[in-house]
Protein chains: 2
Amino acid sequence: MISLDANSSPTPEELPPEIDGLRMTKQRREVFSVVLAERDHPTANDVFSRSQKRMPTISLATVYNCLEALVSHGLVRQVNFEREPSRYCPNLSDHCHFQDEKTGTIHDVVFKEGVNLADFLELPQGTEVSHLEISLKGQIGSN
Amino acid sequence: MISLDANSSPTPEELPPEIDGLRMTKQRREVFSVVLAERDHPTANDVFSRSQKRMPTISLATVYNCLEALVSHGLVRQVNFEREPSRYCPNLSDHCHFQDEKTGTIHDVVFKEGVNLADFLELPQGTEVSHLEISLKGQIGSN
DNA sequence: AGCAATAATTGGAATTATTCTAATTCGAAG
DNA sequence: CTTCGAATTAGAATAATTCCAATTATTGCT
(Lines give C-alpha, C1' and ligand atoms only; values in the text may rest on other atoms or scores of the structure.)
Protein backbone atom coordinates (compact mmCIF):
# COMPACT_ATOMS: atom_id res chain seq x y z
CA MET A 1 0.00 0.00 0.00
CA ILE A 2 1.33 3.41 -0.88
CA SER A 3 1.15 6.46 1.28
CA LEU A 4 1.45 10.08 0.27
CA ASP A 5 3.63 11.00 3.17
CA ALA A 6 6.56 13.31 3.21
CA ASN A 7 8.96 10.88 1.57
CA SER A 8 6.99 8.65 -0.75
CA SER A 9 7.46 9.03 -4.45
CA PRO A 10 4.79 6.98 -6.19
CA THR A 11 4.78 6.39 -9.90
CA PRO A 12 1.69 7.75 -11.64
CA GLU A 13 0.27 4.22 -11.81
CA GLU A 14 0.56 3.84 -8.10
CA LEU A 15 -1.63 6.85 -7.45
CA PRO A 16 -5.29 6.15 -6.72
CA PRO A 17 -8.14 7.20 -9.06
CA GLU A 18 -9.26 9.82 -6.58
CA ILE A 19 -7.64 11.76 -3.76
CA ASP A 20 -9.62 13.92 -1.37
CA GLY A 21 -12.49 14.09 -3.80
CA LEU A 22 -10.20 15.11 -6.65
CA ARG A 23 -10.52 12.83 -9.63
CA MET A 24 -7.01 11.78 -10.55
CA THR A 25 -6.84 11.69 -14.30
CA LYS A 26 -3.84 10.30 -16.11
CA GLN A 27 -2.38 13.80 -16.45
CA ARG A 28 -3.01 14.74 -12.85
CA ARG A 29 -1.32 11.58 -11.68
CA GLU A 30 1.64 12.31 -13.92
CA VAL A 31 1.93 15.88 -12.71
CA PHE A 32 1.46 14.94 -9.07
CA SER A 33 4.06 12.20 -9.29
CA VAL A 34 6.53 14.62 -10.82
CA VAL A 35 5.98 17.09 -7.99
CA LEU A 36 6.35 14.31 -5.42
CA ALA A 37 9.43 12.84 -7.05
CA GLU A 38 11.85 15.75 -7.12
CA ARG A 39 11.19 18.11 -4.29
CA ASP A 40 13.27 20.91 -5.66
CA HIS A 41 10.36 23.35 -5.94
CA PRO A 42 9.97 23.12 -9.70
CA THR A 43 8.21 25.78 -11.75
CA ALA A 44 5.26 24.90 -13.98
CA ASN A 45 7.69 24.71 -16.83
CA ASP A 46 9.97 22.33 -14.97
CA VAL A 47 6.98 20.13 -14.22
CA PHE A 48 5.99 20.33 -17.86
CA SER A 49 9.31 19.14 -19.19
CA ARG A 50 9.64 16.39 -16.60
CA SER A 51 6.13 15.20 -17.35
CA GLN A 52 6.84 15.11 -21.04
CA LYS A 53 9.39 12.37 -20.54
CA ARG A 54 6.73 9.84 -19.59
CA MET A 55 3.82 11.52 -21.35
CA PRO A 56 5.06 13.30 -24.46
CA THR A 57 1.60 14.50 -25.44
CA ILE A 58 0.81 16.44 -22.28
CA SER A 59 0.38 20.16 -22.84
CA LEU A 60 1.63 23.08 -20.81
CA ALA A 61 -1.93 24.29 -20.35
CA THR A 62 -2.78 20.94 -18.82
CA VAL A 63 0.16 21.14 -16.48
CA TYR A 64 -1.12 24.52 -15.31
CA ASN A 65 -4.61 23.07 -14.96
CA CYS A 66 -3.40 20.06 -13.02
CA LEU A 67 -1.22 22.12 -10.72
CA GLU A 68 -4.12 24.45 -10.07
CA ALA A 69 -6.39 21.47 -9.29
CA LEU A 70 -3.80 19.96 -6.94
CA VAL A 71 -3.19 23.29 -5.23
CA SER A 72 -6.85 24.10 -4.75
CA HIS A 73 -7.44 20.65 -3.30
CA GLY A 74 -4.62 21.18 -0.88
CA LEU A 75 -2.41 18.41 -2.23
CA VAL A 76 0.36 20.69 -3.36
CA ARG A 77 1.46 24.12 -2.24
CA GLN A 78 2.19 26.99 -4.55
CA VAL A 79 5.31 28.89 -3.56
CA ASN A 80 5.99 32.44 -4.64
CA PHE A 81 9.18 34.42 -4.46
CA GLU A 82 8.94 38.04 -5.36
CA ARG A 83 8.18 38.23 -9.05
CA GLU A 84 9.61 34.88 -9.97
CA PRO A 85 7.52 32.14 -11.58
CA SER A 86 5.48 30.15 -9.09
CA ARG A 87 6.98 26.96 -7.79
CA TYR A 88 5.31 23.87 -6.45
CA CYS A 89 5.89 22.00 -3.23
CA PRO A 90 4.33 18.74 -2.05
CA ASN A 91 5.37 19.26 1.56
CA LEU A 92 2.12 19.97 3.33
CA SER A 93 3.53 20.38 6.79
CA ASP A 94 3.45 23.88 8.17
CA HIS A 95 6.56 25.47 6.81
CA CYS A 96 7.95 28.38 4.85
CA HIS A 97 10.70 28.91 2.31
CA PHE A 98 14.22 30.19 2.19
CA GLN A 99 15.93 30.97 -1.08
CA ASP A 100 19.69 30.84 -1.25
CA GLU A 101 20.64 33.98 -3.14
CA LYS A 102 23.77 32.41 -4.53
CA THR A 103 22.24 29.33 -6.09
CA GLY A 104 18.55 30.12 -6.25
CA THR A 105 17.85 26.89 -4.41
CA ILE A 106 14.80 26.91 -2.20
CA HIS A 107 14.82 25.21 1.18
CA ASP A 108 11.89 24.36 3.40
CA VAL A 109 12.06 25.99 6.82
CA VAL A 110 9.85 24.68 9.59
CA PHE A 111 8.32 26.64 12.41
CA LYS A 112 9.46 26.00 15.94
CA GLU A 113 7.24 23.73 18.01
CA GLY A 114 4.00 25.31 19.08
CA VAL A 115 4.51 28.74 17.59
CA ASN A 116 1.48 30.47 16.19
CA LEU A 117 0.85 33.65 14.34
CA ALA A 118 -0.86 35.58 17.06
CA ASP A 119 2.29 35.13 19.12
CA PHE A 120 4.37 37.35 16.96
CA LEU A 121 1.99 39.51 14.95
CA GLU A 122 -0.13 42.40 16.12
CA LEU A 123 -3.18 41.21 14.20
CA PRO A 124 -6.32 43.36 14.34
CA GLN A 125 -8.88 41.60 16.51
CA GLY A 126 -11.30 39.42 14.59
CA THR A 127 -8.83 38.66 11.84
CA GLU A 128 -9.34 35.30 10.23
CA VAL A 129 -6.17 34.26 8.41
CA SER A 130 -6.85 31.85 5.57
CA HIS A 131 -3.50 31.97 3.93
CA LEU A 132 0.02 32.69 5.09
CA GLU A 133 3.18 32.84 3.09
CA ILE A 134 6.62 33.55 4.50
CA SER A 135 9.50 33.91 2.09
CA LEU A 136 13.08 34.40 3.16
CA LYS A 137 16.07 35.19 1.06
CA GLY A 138 19.70 35.21 1.99
CA GLN A 139 22.90 33.27 2.23
CA ILE A 140 23.84 30.08 3.91
CA GLY A 141 26.88 30.36 6.13
CA SER A 142 29.06 27.81 4.42
CA ASN A 143 28.62 29.33 0.95
CA MET B 1 11.41 71.62 7.72
CA ILE B 2 9.88 68.49 6.35
CA SER B 3 10.49 65.00 7.58
CA LEU B 4 9.93 61.73 5.80
CA ASP B 5 8.36 60.07 8.78
CA ALA B 6 5.45 57.71 8.83
CA ASN B 7 2.83 60.39 8.36
CA SER B 8 4.30 63.17 6.32
CA SER B 9 3.07 63.69 2.81
CA PRO B 10 5.36 66.17 1.12
CA THR B 11 4.61 67.64 -2.25
CA PRO B 12 7.25 66.86 -4.87
CA GLU B 13 8.65 70.37 -4.46
CA GLU B 14 9.16 69.83 -0.77
CA LEU B 15 11.40 66.83 -1.35
CA PRO B 16 15.15 67.47 -1.25
CA PRO B 17 17.40 67.15 -4.32
CA GLU B 18 18.99 64.04 -2.84
CA ILE B 19 17.97 61.40 -0.31
CA ASP B 20 20.38 58.81 1.00
CA GLY B 21 22.66 59.33 -1.94
CA LEU B 22 19.82 58.95 -4.42
CA ARG B 23 19.53 61.92 -6.72
CA MET B 24 15.93 63.01 -6.60
CA THR B 25 14.96 64.02 -10.09
CA LYS B 26 11.66 65.69 -10.86
CA GLN B 27 10.13 62.33 -11.72
CA ARG B 28 11.49 60.56 -8.68
CA ARG B 29 10.13 63.28 -6.45
CA GLU B 30 6.76 62.99 -8.15
CA VAL B 31 6.67 59.22 -7.81
CA PHE B 32 7.90 59.28 -4.24
CA SER B 33 5.37 61.90 -3.23
CA VAL B 34 2.59 59.82 -4.77
CA VAL B 35 3.68 56.77 -2.79
CA LEU B 36 3.92 58.83 0.38
CA ALA B 37 0.58 60.53 -0.16
CA GLU B 38 -1.85 57.64 -0.44
CA ARG B 39 -0.65 54.69 1.52
CA ASP B 40 -3.02 52.25 -0.05
CA HIS B 41 -0.28 50.06 -1.51
CA PRO B 42 -0.67 51.20 -5.09
CA THR B 43 0.57 49.18 -8.04
CA ALA B 44 3.02 50.68 -10.54
CA ASN B 45 0.04 51.48 -12.70
CA ASP B 46 -1.76 53.25 -9.89
CA VAL B 47 1.35 55.30 -9.26
CA PHE B 48 1.57 56.04 -12.95
CA SER B 49 -1.95 57.40 -13.24
CA ARG B 50 -1.68 59.41 -10.05
CA SER B 51 1.62 60.88 -11.17
CA GLN B 52 0.17 61.84 -14.51
CA LYS B 53 -2.19 64.28 -12.83
CA ARG B 54 0.65 66.60 -11.85
CA MET B 55 3.09 65.51 -14.52
CA PRO B 56 1.22 64.49 -17.65
CA THR B 57 4.38 63.69 -19.59
CA ILE B 58 5.76 61.06 -17.22
CA SER B 59 6.01 57.62 -18.77
CA LEU B 60 5.17 54.24 -17.30
CA ALA B 61 8.73 53.07 -17.88
CA THR B 62 9.93 56.00 -15.79
CA VAL B 63 7.53 55.11 -13.02
CA TYR B 64 8.98 51.60 -13.01
CA ASN B 65 12.49 53.03 -13.05
CA CYS B 66 11.76 55.44 -10.21
CA LEU B 67 10.07 52.80 -8.09
CA GLU B 68 13.01 50.50 -8.65
CA ALA B 69 15.44 53.25 -7.65
CA LEU B 70 13.42 54.06 -4.53
CA VAL B 71 13.12 50.40 -3.59
CA SER B 72 16.78 49.63 -4.09
CA HIS B 73 17.73 52.64 -2.00
CA GLY B 74 15.45 51.44 0.75
CA LEU B 75 13.09 54.39 0.61
CA VAL B 76 10.08 52.34 -0.45
CA ARG B 77 9.18 48.70 0.00
CA GLN B 78 7.93 46.45 -2.74
CA VAL B 79 5.05 44.28 -1.63
CA ASN B 80 4.07 41.06 -3.38
CA PHE B 81 0.94 39.00 -3.01
CA GLU B 82 0.92 35.72 -4.82
CA ARG B 83 0.90 36.47 -8.51
CA GLU B 84 -0.61 39.90 -8.28
CA PRO B 85 1.18 42.99 -9.56
CA SER B 86 3.72 44.39 -7.13
CA ARG B 87 2.57 47.12 -4.82
CA TYR B 88 4.56 49.84 -3.14
CA CYS B 89 4.68 50.85 0.48
CA PRO B 90 6.51 53.79 2.07
CA ASN B 91 6.22 52.37 5.58
CA LEU B 92 9.75 51.37 6.42
CA SER B 93 9.08 50.07 9.88
CA ASP B 94 9.37 46.34 10.32
CA HIS B 95 6.00 45.05 9.28
CA CYS B 96 4.17 42.65 7.02
CA HIS B 97 0.97 42.67 5.03
CA PHE B 98 -2.54 41.36 5.34
CA GLN B 99 -4.89 41.34 2.40
CA ASP B 100 -8.62 41.40 3.03
CA GLU B 101 -9.99 38.78 0.67
CA LYS B 102 -13.32 40.57 0.37
CA THR B 103 -12.07 43.98 -0.66
CA GLY B 104 -8.50 43.34 -1.75
CA THR B 105 -7.37 46.05 0.63
CA ILE B 106 -3.92 45.58 2.09
CA HIS B 107 -3.21 46.42 5.71
CA ASP B 108 0.13 46.78 7.42
CA VAL B 109 0.62 44.37 10.30
CA VAL B 110 3.37 45.04 12.80
CA PHE B 111 5.39 42.49 14.71
CA LYS B 112 4.99 42.24 18.43
CA GLU B 113 7.64 43.99 20.49
CA GLY B 114 10.97 42.28 20.47
CA VAL B 115 10.13 39.27 18.34
CA ASN B 116 12.76 38.05 15.97
CA LEU B 117 12.93 35.44 13.28
CA ALA B 118 15.06 32.93 15.07
CA ASP B 119 12.39 32.80 17.76
CA PHE B 120 9.87 31.10 15.57
CA LEU B 121 11.77 29.58 12.66
CA GLU B 122 14.01 26.53 12.66
CA LEU B 123 16.64 28.23 10.50
CA PRO B 124 19.66 26.18 9.46
CA GLN B 125 22.64 27.43 11.43
CA GLY B 126 24.69 30.04 9.64
CA THR B 127 21.75 31.38 7.71
CA GLU B 128 22.02 35.05 6.90
CA VAL B 129 18.58 36.42 6.07
CA SER B 130 18.75 39.46 3.82
CA HIS B 131 15.13 39.68 2.91
CA LEU B 132 11.90 38.62 4.57
CA GLU B 133 8.38 38.88 3.29
CA ILE B 134 5.29 37.76 5.17
CA SER B 135 1.97 37.91 3.39
CA LEU B 136 -1.33 37.08 5.02
CA LYS B 137 -4.69 36.75 3.44
CA GLY B 138 -8.08 36.39 5.05
CA GLN B 139 -11.10 38.12 6.39
CA ILE B 140 -11.64 40.77 8.97
CA GLY B 141 -14.17 39.86 11.60
CA SER B 142 -16.66 42.65 11.05
CA ASN B 143 -16.95 42.02 7.28
C1' DA C 1 -23.48 -2.06 -23.37
C1' DG C 2 -25.18 2.45 -25.32
C1' DC C 3 -25.74 7.31 -24.67
C1' DA C 4 -26.22 11.76 -22.74
C1' DA C 5 -24.15 14.96 -19.74
C1' DT C 6 -20.21 16.64 -17.62
C1' DA C 7 -15.45 17.33 -16.97
C1' DA C 8 -10.67 17.38 -18.60
C1' DT C 9 -7.32 18.09 -22.13
C1' DT C 10 -5.32 20.43 -25.95
C1' DG C 11 -2.98 23.95 -29.03
C1' DG C 12 -2.88 28.24 -29.86
C1' DA C 13 -4.10 32.89 -29.14
C1' DA C 14 -4.53 36.50 -25.74
C1' DT C 15 -3.35 38.93 -21.70
C1' DT C 16 -0.59 41.48 -18.58
C1' DA C 17 3.06 42.96 -15.69
C1' DT C 18 7.41 44.05 -16.38
C1' DT C 19 11.87 44.73 -18.77
C1' DC C 20 14.57 46.11 -22.60
C1' DT C 21 16.26 49.21 -26.24
C1' DA C 22 17.81 52.95 -28.57
C1' DA C 23 17.18 57.68 -29.00
C1' DT C 24 16.63 61.97 -26.67
C1' DT C 25 16.93 65.11 -22.85
C1' DC C 26 18.58 66.67 -18.57
C1' DG C 27 21.67 68.40 -15.18
C1' DA C 28 25.85 68.70 -12.69
C1' DA C 29 30.68 69.81 -13.05
C1' DG C 30 34.29 71.87 -15.15
C1' DC D 1 28.74 77.31 -22.38
C1' DT D 2 30.15 72.67 -23.18
C1' DT D 3 30.67 68.08 -21.95
C1' DC D 4 29.43 63.64 -20.23
C1' DG D 5 27.10 60.45 -17.60
C1' DA D 6 22.69 59.57 -15.95
C1' DA D 7 17.68 59.72 -16.43
C1' DT D 8 13.66 59.73 -19.25
C1' DT D 9 10.90 58.36 -22.99
C1' DA D 10 7.98 55.61 -26.37
C1' DG D 11 7.49 51.65 -28.01
C1' DA D 12 8.90 46.93 -28.78
C1' DA D 13 9.92 42.65 -26.54
C1' DT D 14 9.53 39.15 -23.02
C1' DA D 15 7.63 35.68 -20.15
C1' DA D 16 4.41 33.63 -17.09
C1' DT D 17 -0.01 32.64 -17.03
C1' DT D 18 -4.86 32.49 -18.52
C1' DC D 19 -8.36 32.10 -21.85
C1' DC D 20 -10.84 29.96 -25.67
C1' DA D 21 -13.09 26.85 -28.54
C1' DA D 22 -12.72 22.34 -30.15
C1' DT D 23 -11.84 17.64 -29.07
C1' DT D 24 -11.58 13.72 -26.07
C1' DA D 25 -12.41 11.14 -21.89
C1' DT D 26 -15.20 9.70 -18.11
C1' DT D 27 -19.21 9.21 -15.39
C1' DG D 28 -23.90 7.98 -14.44
C1' DC D 29 -28.18 6.39 -16.37
C1' DT D 30 -31.38 3.04 -18.38
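Here is the naming used below: chain letters follow the sequence lines, and residue numbers restart at 1 for every chain. None of these values were measured; they are calculated from a predicted model.
Atom CD of Glu18(A) has more than 12 neighbouring heavy atoms from other residues, nucleotides or ligands inside a 6.0 Å radius.
Rounded to the nearest 0.5 angstrom, Ser93(A) OG and Asp108(A) CG are separated by 7.0 Å.
Nearest heavy atom pair, residue Leu75(B) against residue Leu92(B), reads O-CD2, 3.6 Å.
Under a 4.0 Å N-O distance rule, the pair Lys137(B)/Glu128(A) does not qualify as a salt bridge.
A straight line from CZ of Phe48(A) to P of dG12(C) spans 11 Å, rounded to a whole angstrom.
Of the N and O atoms on the side chains of His97(B) and Asn80(B), not one donor lies less than 3.5 Å from an acceptor on the other residue.
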Reading nucleotides 7-18 of chain D from 5' to 3' and marking B where a protein heavy atom lies under 4.0 Å of the base, S where only the sugar-phosphate is that close, and - otherwise, the string is SBBBB----SBB

